[in-house]
Amino acid sequence: MTILPTLKSLAIAAAILASSSAIALAKDVHISVWAGGTGPNDVYRLDAIEIAAQQLQREAALKGEDLKITVEKKPYSAWEDFKQALTLAAEAKTAPNIVVSGHEDIAPWSQAGLIVPIEDYVDLDSWPLSDIYENLLKIASYNGTVYGIPQDAESRPMFFWKPYMKAIGYSDADLDALPQSVQDGKYTMKNLLEDAKKMQDKGLVQPGYGFYPRTSNGPDYWQFYTSFGGTMEEGGKLVFDKAAMTRTYQFFADAVKSGVTKKNHIGMPGDQWWKEVATGKAGIWDGGTWHYARLVNQEGLKDFFGNVIFTLIPAGEGGKANTLTHPLVYLLTAGHDQEDTEIAAQLVKIASEPRTNALHAVKSAHLGISKSESTVDFYSADRWTREATERLLPHANAMPNNSDFGKYWNIMWKNLEASWTGAKTVDAAVGDAESELKSTLGDKIVIR
Amino acid sequence: MKSSRTLGLVMIAPAAVMIILFFLMPVVLTAVFSMTNMTTATGISGGVYQIAPNSLIALKSAMPEIAAEMAEPRYTIDEAGLTAVEGLGMAPGIVAELRAKHTGEVFPARRDVERMIKDLADRPSTREVKQISEQFNRSVLNTRFDSREQLFSALDSLGFKLTPEQQEIVAKTTYTGWTWTTENFSRMASSPDMARVLFNTVLYVALVLTLFNVGYALLLAIWTHYMPPMPASIFRGIWLLPRITPVVIYVLLWKWLAWDSGFISILMGKFGYLPKNYLLDTAYNAWFFVVLINGFIGASMGMLVFSSAMKAIPKSQFYASEVDGASRWQQIRYIILPQMRWPILFVTCYQTLSLLASFNEILLATNGGPGNATEVWALAAYHTALRNYAGNLEYGLGAAMALVLVVIGVTLSLLYLRVFNYGTLVAKPLIED
């Protein structure tokens, strides 16, 4: 009777000892990663972290550590839902370890303390981080500190449906020369509207389908502002160039007035838009480099290069031909165990290796992040990634990392939509934007 | 008597807690948030003090020399730093080499000092490099301080002697969190778009309320009143369908009906019209559909209330009027409508308040478009506070907008009660006096 309790306590003690020694030997780490704007072509944003986890486990094993990393992946297809979920989760201290989001989020999120600088955890001078394009790394920084590691690069070209361009008088040689002509500023926004009109007048496309831009708010619209001579930021201060914004708003108002763009274009179902541009229902449109993957993989456009030609966004009055790169970045969120964050940082670093990143670039038709990625055969053998990298990336601008840019963006977009749909005249829209910017941002924005 | 009073308080306690937690608190919190400039960038829980290049831009105009000095990031290899590194317990060769070869060196940026550390003979790991470099950091640039005191003691130790006025400016420009403000209200008052949104809201509530929630509901109730019981029940049941269908599916059906490749476009295509997105084609179209979508949902409730109220009218009144040769219209005018005053009061009051706050159908159908034409106040508050593409959620402004709705709602409720003489309604029956 008396020996039983003693045995029992011994057994319990042994069990505790055994379990604690097991904990000391094996380390289980749970890393969660969320990615915004992630469709079926973008799965490597998340899968790359899983691949990296495999690598890091093997490296740990060689060092005699039993490291076990479980990666929990959560893709969000839309941006609004993702940013709302992430912001509120981070405020509630339940944010994932790694976030894949637009670089423009670095400013507000770092100021709010939701993310921590990745440069505190990784050696930027070592490969593969040392090989990442300097300008991309700069875009991933704020206040001189590197907060994120670029996950991809891209650009937002103008697309033309080749058969219709031929039908309105362009020869094959003319079309081959078009990208250069746009780059040199010889083919402008004015020409674009004229060509779109010609396509409609010839009955090649229906009214409103000549120029068929993005159907919702997005970084694309800042390219038009740049194209008409606008500047987003100067010396750390946001800039609202009234004349450039007027020309930008006027461009879309003119497109609607001349009938080449639909008045009700914004807000149309996305699936419909994709189907229409993939089947030649539209003449000219703008979109991201990743559109290639969607058009070819999901929308059934088999002969892309036979049907579509892509260029920079042409210059408008007072501006220059340009494109915008909007890199997504891997960010580390605050409020986690220091060691977990360090492992998360290591995973991001490994996921940024050229061959792993090339999986994402080729599958999703985004562009590579480092110099040596273009030397990876798998990447350079892909015609789209090769051509898009060479022709677009050198001319790419980026949106500013400024904690007030989001407010500016909302006001800019709201008034663009209003002048587009005729709810306001262009002058009224610019005037309203100006007065709202003044009352919202005060001296944080330069109005000129 | 006393114990029963205590018991009463105990019995009512759960209800009181629920009322405070779920009814009063949201309004109080909305009012509190509305007096702040809270956004994603300022965070909700509060801020810190950080001398960052972006805050130095503002500081530059007030005190250019101090700002320029603060902007200097400095990493100095000094004895204090070396002693601190010794305390970290790393390989002794690291400190020895640093002391022998690098004492007195100043590095402008962290990456420069870290490159030097990585070149040491006993190369430290990345984590150790970061720990070592931090010991030589003689700058406050980009460091986050939890309190004002920490910031100024750090500045003080670096030789920045600031007057109280200067301290005030530095604290103000380097604080990253939210502050109390009434700016949200002045922004609302001065924004031309807000005036438009307010107008949209009045239009939306007035149209849906008069045309459907009261008008059409009354019509339906009268129609079914004169029907035989069985078809009347079936008819009412059908009219309840929009109310009981999940709103996402219900709105999606409308979208299928109205968009470019939808039913209307296909039908009109037979008559030679080009397909178009009827839902978003013009502001008028969008309004037409928004009113219909919400109206058909809202009409059912009024119909039920009015129908049951009509059933309560004594049948003898109808029989008597028939004997007197009254037409249907005369019955409606002189028997039904006069006795519907209170149900109409209830439906008008209840539906005004629910329409003021409702936006989910509009969000799903038009998302406020085209060109913000159908953006109503509640939807604008939601867009501002919780949803936008750029991810910069403006909680403070959104709360201020929500507060306006609360104020309008409470004012309207009081107004309705006064106009419809609520006092008489709840007065004790004379017979009990």
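Atoms considered below: every heavy atom in the structure, side chains included; atoms not considered: hydrogens, waters and symmetry mates. Numbered from 1 within each chain, the chains take letters A, B, ... in sequence-line order.
Of all non-hydrogen atoms in B:Gly371 and A:Thr421, the two that sit nearest each other are CA-OG1, 3.3 Å. Nearest approach of A:Gly267 to B:Leu280, heavy atoms of both residues: O-CD1, 3.4 Å. Residues A:Asp123 and B:Thr126 approach most closely at N-CG2, 3.6 Å, considering heavy atoms. What you find for A:Lys263 and B:Asp281 is that their closest heavy atoms are CD-O, 4.4 Å. Here the shortest heavy-atom pairing between B:Ala390 and A:Asp105 reads O-OD1, 3.6 Å. Nearest approach of A:Gln111 to B:Asn54, heavy atoms of both residues: OE1-ND2, 4.3 Å.
With A:Gln84 contributing its side chain and B:Leu386 its backbone, the two residues share a donor-acceptor pair below 3.5 Å. Between the side chain of A:Asn264 and the backbone N or O of B:Asn277 there is at least one donor-acceptor pair closer than 3.5 Å. At distances below 3.5 Å, at least one donor-acceptor pair connects side-chain atoms of B:Arg110 with backbone N or O atoms of A:Glu119. Judged by distance alone, the side chain of A:Glu91 and the main-chain N or O of B:Ile44 form a donor-acceptor pair under 3.5 Å.
One finds a salt bridge joining B:Arg387 and A:Asp81 here, because a Lys/Arg side-chain nitrogen approaches an Asp/Glu carboxylate oxygen to under 4.0 Å.
The candidate with the highest count of non-hydrogen atom pairs below 4.5 Å against chain A, out of B:Ser45, B:Gly43, B:Pro53, is B:Pro53. Chain B forms the most heavy-atom pairs under 4.5 Å with one residue out of A:Asn415, A:Asp432, A:Asp120, and that residue is A:Asp120. Between chain B and the options A:Glu342, A:Lys262, A:Glu436, A:Lys424, the largest number of non-hydrogen pairs under 4.5 Å is found for A:Glu342. Ranked by heavy-atom pairs under 4.5 Å with chain A, the first of B:His383, B:Arg127, B:Glu183 is B:Arg127.
Residue contact with chain A, scored on non-hydrogen atoms closer than 4.5 Å, is absent for B:Glu375. When heavy atoms are compared at a cutoff of 4.5 Å, A:Ser439 approaches chain B by way of both its backbone and its side chain. For a residue to count as touching a neighbouring chain, one of its non-hydrogen atoms must lie under 4.5 Å from one of that chain's; by this rule B:Asn142 touches chain A with the side chain only. In this structure, no portion of A:Ser101 lies under 4.5 Å from any heavy atom of chain B. Residue contact with chain B, scored on non-hydrogen atoms closer than 4.5 Å, involves the backbone and the side chain of A:Asp125 alike. With a threshold of 4.5 angstrom between heavy atoms, B:Ala52 approaches chain A through its backbone and through its side chain. If you measure heavy-atom distances from A:Leu124 to chain B, the contacts under 4.5 Å come from both the backbone and the side chain. Heavy atoms closer than 4.5 Å to chain A are found in the side chain of B:Thr39, but not in its backbone. In this structure, the portion of B:Pro192 lying under 4.5 Å from any heavy atom of chain A is its side chain and not its backbone. Of the two parts of B:Tyr395, only the side chain, counted from C-beta on, holds a non-hydrogen atom closer than 4.5 Å to a non-hydrogen atom of chain A. Interface residue B:Ile57: only side-chain heavy atoms are found under 4.5 Å from chain A. With a 4.5 angstrom heavy-atom cutoff, A:Trp420 does not touch chain B via any of its atoms. With a 4.5 Å cut-off on non-hydrogen atoms, B:Lys118 touches chain A through its side chain but not through its backbone. For A:Gln338, the part lying under 4.5 angstrom from a heavy atom of chain B is the side chain only. Only the side chain of B:Asp193 comes within less than 4.5 Å of a heavy atom in chain A; its backbone stays farther off.
Around the CH2 atom of B:Trp256, the shell of radius 6.0 Å holds no more than 12 heavy atoms that belong to other residues, nucleotides or ligands. Around the NZ atom of B:Lys255, the shell of radius 6.0 Å holds more than 12 heavy atoms that belong to other residues, nucleotides or ligands. Counting heavy atoms of neighbouring residues, nucleotides and ligands inside a 6.0 Å radius, atom CZ of B:Phe288 does not exceed 12 of them.
Two residues are said to be in side-chain contact when any heavy atoms from C-beta on lie closer than 4.5 Å; A:Pro207 and B:Leu274 meet this criterion.
Aromatic pair B:Tyr389/A:Trp409: ring centres closer than 6.0 Å.
No side-chain donor from either of A:Glu80 and B:Asn388 sits under 3.5 Å from a side-chain acceptor of the other.
Within the model, atoms CD1 of A:Ile266 and CG of B:Asn367 stand 11.5 Å from one another, a figure rounded to the nearest 0.5 Å. Taking CG of B:Asn392 as the reference point, atom CH2 of A:Trp109 lies at 11.0 Å (rounded to 0.5 Å).
The interface of residues 399-408 of chain A with chain B, defined by heavy-atom distances below 4.5 Å, comprises A:Ser403, A:Gly406, A:Lys407.
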